[in-house]
Structure formats: C-alpha cells, structure tokens
Amino acid sequence: MAEVKLDFLGSLQRTHRCGELRASDAGSTALLMGWVHRRRDLGGVIFIHLRDRDGITQIVFDESRNPEQHKRAQELSGEYVIAIEGEVKLRGADTVNPNIATGEVEIAAAKIWILNESRTPPFPVEDNVDVKEEVRLKYRYVDLRRPRMQRNIIMRSKVAFAIRRALYAQGFLEIETPFMTRSTPEGARDYLVPSRIQPGTFYALPQSPQIFKQLLMVSGYDRYFQIVRCFRDEDLRADRQPEFTQLDIEISFLRDGQIYEIIEPIIWEACQAAGRTVEKKIAFITFEQAMRQYGSDKPDLRIPPFHCVEDLFAGTDLAREGLPLAAIHIPKAGTLTRKERDEIKAAGQERGLRVYDDSKRLERDFPEQMARVRERVKPADDDLLMLAAWAGEKRGALPEQTALLACGQLRLFLAQKYADRHKLLDPEVLKFVWVVDFPMFEWDEEEKRWNAAHHPFTSVHDDDLEKLTTDPAHCRAKSYDLVLNGVELGSGSIRIHRRDVQSKVFAALGFSEEEAKRRFGFLLEALEYGAPPHGGMALGLDRVIMLLAGEQSVREVIAFPKTAKATDLMCEAPSQVPEQQLRQLGIRVVNPQ
RNA sequence: GGGGACGUAGUUCAGUUGGUUAGAACGCCGGCCUGUCACGUCGGAGGUCGCGGGUUCGAGCCCCGUCGUCCCCGCCA
C-alpha cells in the first residue's frame with residue numbers, strides 16, 4: 001500500500017448516506033462517508049464514485065478551484081475509506097447519470113478526509129463478476145459489500161423485523177432458551193461443548209429449542225416465539241448449514257386449524273417485506289395426496305403433478321400388484337431426440353424405474369388405456385408424457401412409497417432438464433402449500449423399529465389413537481409442513497400434553513418407561529404439572545430468505561456461512577487448540593489429523 | 001461413506017496429438033489528459049499451472065495419490 005497520511009474521524013458526522021442526495025438538495029452542503037468505489041482521473045479533474053450500503057454519489061475534485069484537495073484525491077485508490085464535504089450541485093443535462101439514484105447531482109469536494117487506505121480488493125465490489133465461492137468466502141467482508149449480498153442481507157433484516165412485528169401484533173413474546181443444553185439421543189448428531197467444571201461431561205448445542213418451548217407452554221407463556229440458531233452435525237447441502245436460524249413458534253390452547261390462521265399472516269408479512277406479493281391463504285395437500293401426485297412430501301406446485309394410472313392398466317404387463325404406474329407430464333418439452341430419451345431412461349433406471357417413453361408404441365399396444373391417460377393428464381401437443389414404473393424387487397417397508405418417491409425424483413429431473421422450455425421453475429412464482437396428515441412413524445430399516453416421523457412429542461390423529469399399538473404404519477400425526485416451491489420451509493405439530501398419551505407413543509417407539517424417563521424425564525415430569533394443550537412450528541429462516549431472494553443456496557443469505565465440509569474459510573474454523581486448553585477440559589485427542 | 005464437476009496471473013478464463021520464453025481481458029503500478037461515470041490513451045510489473053509422486057528426451061496437458069471448492073445420494077427425530 002502507498003504511504004498515505006490518514007486523517008482522524010474526530011467529530012465529523014455524516015449529513016447524508018450515499019444514495020440519498022437528489023436535485024432538490026442542490027445548493028446545500030453535504031458531508032458523506034464511504035468507500036471509494038471508482039476513481040476516474042482526467043488530469044485536471046478527478047471523479048470519485050463514493051459508495052456506502054445505501055448507494056453511490058459522485059464527487060468532483062477540480063484542480064483549478066481546489067488544488068490542495070485535488071492533490072489529495074490523487075492518492076486515492078479503490079476501497080479507501082473517506083469523508084467528503086462540499087456543495088451539492090446539479091449536474092448539467094448532458095452529464096446526468098441515469099444509472100444511479102443520485103445521478104442528477106454531484107458534490108464539489110471542498111474537503112476530503114482519508115480515514116483509511118485499502119489493499120487492492122481480491123475481486124471487484126460489483127455484481128456480474130463471477131468469482132469462485134472459495135475466494136468470496138475467504139474475503140467475505142469484501143463479498144458482503146457487493147450489491148447482491150447487501151440486498152440479501154438487508155432483505156433478511158427487513159423480513160426478520162416484519163416477522164417480529166407480525167408476531168408481536170398477535171400477542172407473542174420473544175423468549176430466549178439455552179444454547180448449552182443436554183444432548184438428546186434422537187435426531188441429528190449433536191454438536192458437543194465440553195464442561196470444564198464438570199470434567200468428562202458435555203453440553204449439546206440445541207438441534208432446536210423444542211423441549212424448552214414446550215416447557216414454556218407448561219409455564220403459561222402461551223404465545224412464544226424466537227428467532228434462534230440451531231445446530232445439527234450432519235452433512236451439508238445447498239439448503240443446509242450446520243448452524244442455521246429457525247423462526248420457532250409455540251402456542252397454547254391451539255384449536256384445530258388455528259395454527260394456519262396464525263402462520264399465514266406472518267408469511268404474508270414476510271413476503272411483503274421482501275417486496276413479494278402472495279395470496280393470503282395457503283393451499284393444503286395431504287401427505288398421501290402429495291405422494292401420489294408428486295412423489296414427494298415437499299411438492300413443487302409450479303410443475304404439474306404426475307398421475308397414477310395403474311388402475312387403467314390392470315391386467316397388463318405395465319401394472320404390478322401394489323405398485324404405482326406414473327404418467328409423468330412435462331409441459332412444452334417438445335420432440336425429444338433419441339439421445340434425450342436414452343438419458344431419461346438412464347435417469348429412471350438410476351432410481352429403480354423402468355421408463356416407457358415410446359408413445360407410438362404405447363398408443364399401438366394400449367390404445368384404450370392411453371386415451372384414458374390423456375383424459376386424465378390433458379397434455380398439450382408439445383408436452384412430454386411418459387409412463388414410469390418400479391422395475392425391480394419391491395423395496396422398503398412401504399414399497400409403493402419407495403416407487404412413488406422414485407417417480408417424484410424422475411419428475412423433478414425432467415422438469416429441471418426442460419426448465420428452459422416450459423419456464424415453470426420461475427423463482428418469481430411462489431407456490432406455498434401446507435402438507436398435512438403425515439404418518440406418525442417411519443420404519444427404520446437398519447434398527448428394525450419405528451421412528452417418530454416428526455418428533456416423539458407429536459400428537460396422533462384423534463381417529464388413529466387405537467392404531468398406535470395395532471397398526472403404527474397407518475397412524476397419522478397431527479403434524480404439518482410448510483412447503484414453498486419444493487423446499488421444506490418448516491414443520492410443526494400439535495404436541496402431546498398428556499403424560500399417559502406420551503407414554504403410549506414412547507411405547508410404540510419401543511422405549512421402555514425407564515428409557516423414556518432417562519431420555520426425556522424432565523419433560524415427562526413437566527407434563528404432570530398442568531401442561532396445557534399446545535402446538536407450534538419452526539420455520540427455517542435461511543430457506544425462507546433464500547427463496548424470497550431468488551437464491552439457489554442459503555449461503556447467499558447468511559453473512560458468514562460455512563463450506564460443504566463445515567469449515568469457515570475466513571477465520572479457518574474449526575481449528576486445533578493449545579494442549580493446555582484440552583487438559584483443562586480433560587480431553588485427549590486420539591487421532592489428530 | 002458413495003457418485004459427479006472444477007482447480008492456470010489479484011480476478012475470470014484460453015492454452016492444439018505431450019514440444020521453443022504459458023497467453024487474453026479486467027484489475028494493479030507509472031506517464032499524459034478539465035466533464036468522466038465500465039473515462040480515454042501510452043508504457044510496465046505480475047505465474048509454486050492446488051500439492052506430491054510417476055511415465056517421457058520433454059508434462060499446464062498423460063497416469064497414480066492427495067488437498068480444496070461446489071452439486072447430488074446416504075444422513076438431516
């Protein structure tokens with residue numbers, strides 16, 4: 001870096017932000033602070049674009065009018081931090097810049113303070129410059145200056161504020177819960193925090209504040225929320241970080257259906273804050289419908305459903321007992337090449353499916369059936385319509401479901417493959433849907449036992465109470481997921497508030513009474529001290545913001561995210577620690593890398 | 001844990017069947033320039049071709065390993 005004499009900030013104070021000045025401010029004196037976005041040195045006159053998170057203002061240094069300050073401006077370079085004072089002047093008609101909000105004016109610099117210099121940034125502070133994410137993450141503080149990131153981070157703040165406002169308006173209280181808590185054996189892997197004071201023991205960082213918020217209901221804080229960090233030590237994805245933020249909500253005395261009335265306005269306000277207009281009422285689909293129409297418990301409603309047509313093909317080679325035959329329909333895919341058909345078949349095969357793509361042959365062999373299929377699906381002339389069926393041995397505890405999931409994956413594969421043609425996967429379109437009536441339990445093939453599909457505190461559907469012991473596979477839970485464009489935003493349930501019911505569910509999950517007490521004793525005990533009926537949900541705030549911002553990854557809406565291997569490239573976490581620190585904790589590293 | 005893509009200047013990329021001194025654009029540095037706004041113009045600097053090994057007369061290019069980033073499956077009550 002050049003040797004530059006730096007000025008002190010002292011009592012200097014901004015009069016405006018860099019996106020604020022307009023023609024009506026002409027004639028007044030302004031003092032701005034910010035970063036040197038660009039310098040254009042024409043010799044006798046130097047133009048600076050001064051930038052802060054609000055916008056850009058042009059500053060002019062004229063050698064003939066103010067040689068001393070002009071000389072100082074020659075020392076400037078990109079990303080220097082400066083303060084500028086001068087008169088706001090109207091630009092001549094031919095020099096107005098329509099590309100920036102302040103383009104009608106400029107500041108004739110009377111005085112410049114150079115507050116700090118800057119090394120040349122590793123990449124330009126602009127959008128539309130592709131930079132490898134690795135570099136962006138290492139210099140995240142620079143990346144966050146770029147307009148797109150600023151827009152996302154600012155949107156995130158605005159959405160969070162709108163959510164808080166909407167919740168306060170509905171009488172909610174924001175209450176904090178501990179980060180250093182007890183490890184619970186179910187669910188994701190815990191991040192552990194060793195205790196120095198109790199050697200050999202560990203706190204766990206919460207996977208969610210689930211139990212604490214239920215305890216708050218027991219305590220009578222009947223409308224609770226929290227925008228809170230949660231931690232899960234599992235592998236990452238584009239929409240998954242090891243620490244992520246939940247909007248956590250719990251409500252007492254929640255009557256049937258009330259949760260939707262409470263959540264929907266909050267979602268609406270959140271979308272409004274992001275500048276997105278959505279319908280106030282969100283559609284419903286049952287888990288079973290979602291599986292049979294979309295092959296997914298998080299259906300993307302922007303693309304048409306597939307249709308199960310095994311009934312039409314009963315008795316033919318295509319239909320197999322207890323397994324679906326899916327008519328997959330993708331609009332506007334047009335005529336496919338041989339190569340494309342092979343790719344589609346291969347994609348189906350990878351997922352265990354046989355794909356019947358030859359429509360001519362299908363029409364020839366099954367003319368009546370295909371007529372009925374077209375009746376159901378109603379494809380246009382240039383739409384893609386093919387059949388898919390499970391190819392091999394039946395698999396899983398629920399083979400039909402396994403097959404439906406594969407069909408759903410194939411549907412998404414095709415929808416993405418031809419997204420350019422049908423244009424239905426438009427991030428501008430927001431299709432929310434409630435998925436309800438989830439099964440209570442899922443079969444764990446490895447451990448050969450039933451697991452809670454949502455979590456073990458979820459109420460069973462009133463009609464299915466008796467099935468808890470007799471037919472767990474067909475027990476429906478009082479749970480609900482909120483899905484947007486094929487992304488699960490969050491889930492919730494009506495909780496069990498009765499000690500006896502909770503015991504039955506634990507029994508169905510194969511826990512002995514002792515085991516249940518050991519794992520969740522404090523919650524079970526709390527249920528014995530006047531627990532009100534309650535329920536709630538948790539929404540993944542990062543995902544909400546991601547979709548509202550039209551981004552493909554939650555990393556684009558988190559200021560300091562982690563990589564796919566859960567590292568922070570900027571501060572180089574996680575890291576080794578001094579031996580002494582480990583000794584104090586009574587920890588020895590067995591296999592250091 | 002498995003599969004796939006990528007890694008060359010500060011950044012984004014090109015680099016022919018393996019062949020002389022690894023190029024371009026932007027950025028950076030220096031000169032000139034009083035109305036630019038992606039300023040212009042003249043000149044210049046800048047490379048551990050991710051890292052290690054191998055094949056070869058010769059490797060950015062081929063082979064093996066390894067590290068890193070991204071995507072997907074498993075996993076995420």
Side-chain angles (χ1 to χ4, degrees), chain A residues 1-2 37-50 56-65 67 70 74 77-79 89 91-100 102-103 106 108 119-126 128-139 142 184-190 207-208 210-211 230-242 244 347 350-351 405-406 409 412-413 416 438 440-442 444-447 450-458 477 479 488 491 493 505 509 519-520 538 540 552-553 555 562-565 567 569 593:
Chain A
M1 274 185 282
H37 187 61
R38 220 179 278 281
R39 185 184 65 151
R40 287 179 296 278
D41 187 343
L42 276 64
V45 63
I46 296 173
F47 296 98
I48 299 285
H49 268 179
L50 187 67
I56 284 177
T57 302
Q58 174 161 282
I59 317 294
V60 193
F61 295 87
D62 191 323
E63 187 176 26
S64 63
R65 296 187 188 188
H70 175 270
Q74 288 179 322
S77 183
E79 300 308 305
K89 289 192 164 169
R91 298 202 199 182
D94 52 335
T95 60
V96 165
N97 184 350
N99 301 319
I100 55 177
T102 61
E106 63 192 10
R119 290 170 62 180
T120 302
F123 49 85
V125 181
E126 288 168 23
N128 311 322
V129 181
D130 266 340
V131 183
K132 274 196 260 316
E133 201 168 351
E134 209 172 337
V135 180
R136 292 177 55 203
L137 290 177
K138 181 170 179 190
Y139 300 97
V142 176
T184 50
E186 297 255 329
R189 263 189 295 275
D190 288 318
Q207 296 174 26
S208 87
Q210 181 61 36
I211 293 176
C230 301
F231 307 86
R232 293 179 190 176
D233 186 6
E234 297 293 344
D235 287 354
L236 286 75
R237 286 283 191 285
D239 62 355
R240 245 159 56 192
Q241 284 272 303
F244 60 99
E350 278 171 34
R351 295 163 175 84
L405 284 170
Q409 285 176 12
L412 282 181
F413 169 83
Q416 274 153 19
F438 273 80
M440 188 79 178
F441 305 106
E442 283 168 356
D444 187 328
E445 192 60 42
E446 276 179 32
E447 303 202 11
W450 293 101
N451 265 334
H454 182 53
H455 56 58
F457 321 116
T458 304
S479 69
E488 183 196 323
S491 60
S493 63
V505 170
L509 289 168
R519 293 183 177 197
F520 305 109
Q552 301 285 322
S553 160
R555 293 188 302 276
K562 293 187 173 52
T563 68
K565 286 199 178 154
T567 64
L569 294 178
Q593 292 307 306

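Side chains are part of it too, since the values below use all heavy atoms of this structure and drop only hydrogens, waters and symmetry mates. Residue numbers start from 1 in every chain, and the chains themselves are labelled A, B, ... in the order their sequence lines are given, proteins ahead of strands.
Pairing of rG68(B), defined by two Watson-Crick or G-U wobble distances under 3.5 Å, is identified with rC6(B). Here rC49(B) sits opposite no nucleotide as a Watson-Crick or G-U wobble pair (both hydrogen-bonding atom distances under 3.5 Å). Partner assigned to rG44(B) is rC28(B), using Watson-Crick or G-U wobble distances below 3.5 angstrom. Pair check for rG74(B) finds none; no Watson-Crick or G-U wobble contact set falls under 3.5 Å. Pairing of rC57(B), defined by two Watson-Crick or G-U wobble distances under 3.5 Å, is identified with rG19(B). Searching all strands for a Watson-Crick or G-U wobble partner of rC33(B) with both distances below 3.5 Å returns nothing.
Nucleic acid contact class of Thr95(A) (heavy atoms, under 4.0 Å, all strands): base. Here Ile56(A) lies out of heavy-atom contact (under 4.0 Å) with every strand. Contacts of Asp233(A) with the nucleic acid, taken as non-hydrogen atoms under 4.0 Å apart, are absent.
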* Asked: With the sugar-phosphate defined as primed atoms, P, OP1 and OP2, and the base as all remaining atoms, what B/S/- string results for nucleotides 71-77 of chain B, 5' to 3', for protein heavy atoms under 4.0 Å?
  -> SSBBBBB

* Asked: Taking protein heavy atoms under 4.0 Å as touching, what does nucleotides 23-30 of chain B look like 5' to 3' if B marks base contact, S marks sugar-phosphate-only contact and - marks none?
  -> ----SSS-

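As rounded to whole Å, 6 Å separates atom P of rG35(B) from atom CG of Leu42(A). The separation between Asp130(A) atom CG and rC70(B) atom C1' is 13 Å, rounded to whole Å. As rounded to whole Å, 14 Å separates atom C1' of rU12(B) from atom CZ of Arg136(A). Spacing between atom NE2 of His70(A) and atom P of rU36(B) amounts to 15 Å, rounded to whole angstrom units. Distance Glu63(A) CD to rC32(B) C1': 13 Å, rounded to the nearest Å. In this structure, Asp94(A) places its CG atom 11 Å from C1' of rU36(B), rounding to the nearest Å. If you measure from atom NZ of Lys89(A) to atom P of rC37(B), you get 21 Å, rounded to the nearest angstrom. At whole-Å resolution of the value, NZ in Lys562(A) and P in rG68(B) are 17 Å apart.
Closest to the Gln58(A) side chain, of the nucleotides rU36(B), rU69(B), rU11(B), is rU36(B).
Regarding contacts with the backbone of rC39(B), a side-chain N or O of Arg40(A) is found under 4.0 angstrom from either OP1 or OP2. The phosphate of rG7(B) has neither OP1 nor OP2 within less than 4.0 Å of any side-chain N or O from Lys132(A).
A search for side-chain hydrogen bond (donor to acceptor under 3.5 Å, both in side chains) contacts involving Gln58(A) returns Arg40(A), Glu106(A), not counting sequence neighbours. Scored by the side-chain hydrogen bond (donor to acceptor under 3.5 Å, both in side chains) test, Glu234(A) finds Arg189(A) as partners (sequence neighbours excluded). Residues passing the side-chain contact (heavy atoms from CB on, under 4.5 Å) test with Lys138(A), sequence neighbours excluded: none. For the side-chain contact (heavy atoms from CB on, under 4.5 Å) test, residues two or more places apart in sequence or in another chain that qualify with Ala452(A) are Pro456(A), Leu509(A). His455(A) meets the ring pair (Phe, Tyr, Trp, His ring centres under 6.0 Å) test with Phe457(A); sequence neighbours excluded. Under the rule for a side-chain hydrogen bond (donor to acceptor under 3.5 Å, both in side chains), Ser77(A) has no partner lying at least two apart in sequence or in another chain. Applying the side-chain hydrogen bond (donor to acceptor under 3.5 Å, both in side chains) rule to His454(A) yields no partners; only residues at least two apart in sequence or on another chain are considered.
Between the side chain of Arg91(A) and the backbone N or O of Val96(A), no donor-acceptor pair lies under 3.5 Å.
Ring stacking holds between Phe47(A) and rU36(B), with the centres under 5.5 Å apart and the planes within 30 degrees of each other.
rC13(B) and rG18(B) have their C1' atoms separated by 22 Å, with the value rounded to a whole Å. Separation of the P atoms belonging to rG65(B) and rG46(B) is 37 Å when rounded to the nearest angstrom. Straight-line distance between the C1' atoms of rC64(B) and rU55(B): roughly 11 Å, to the nearest whole Å. Rounded to the nearest Å, the gap between the P atom of rU36(B) and that of rU41(B) is 14 Å.
Contact between His49(A) and Ile100(A) at its shortest, heavy atoms only, is NE2-CD1, 4.2 Å. Across every non-hydrogen atom of Ile48(A) and Arg39(A), the tightest pair is CD1-CG, 3.5 Å.
Val135(A) is listed as a side-chain neighbour of Phe123(A), based on a closest heavy-atom distance under 4.5 Å.
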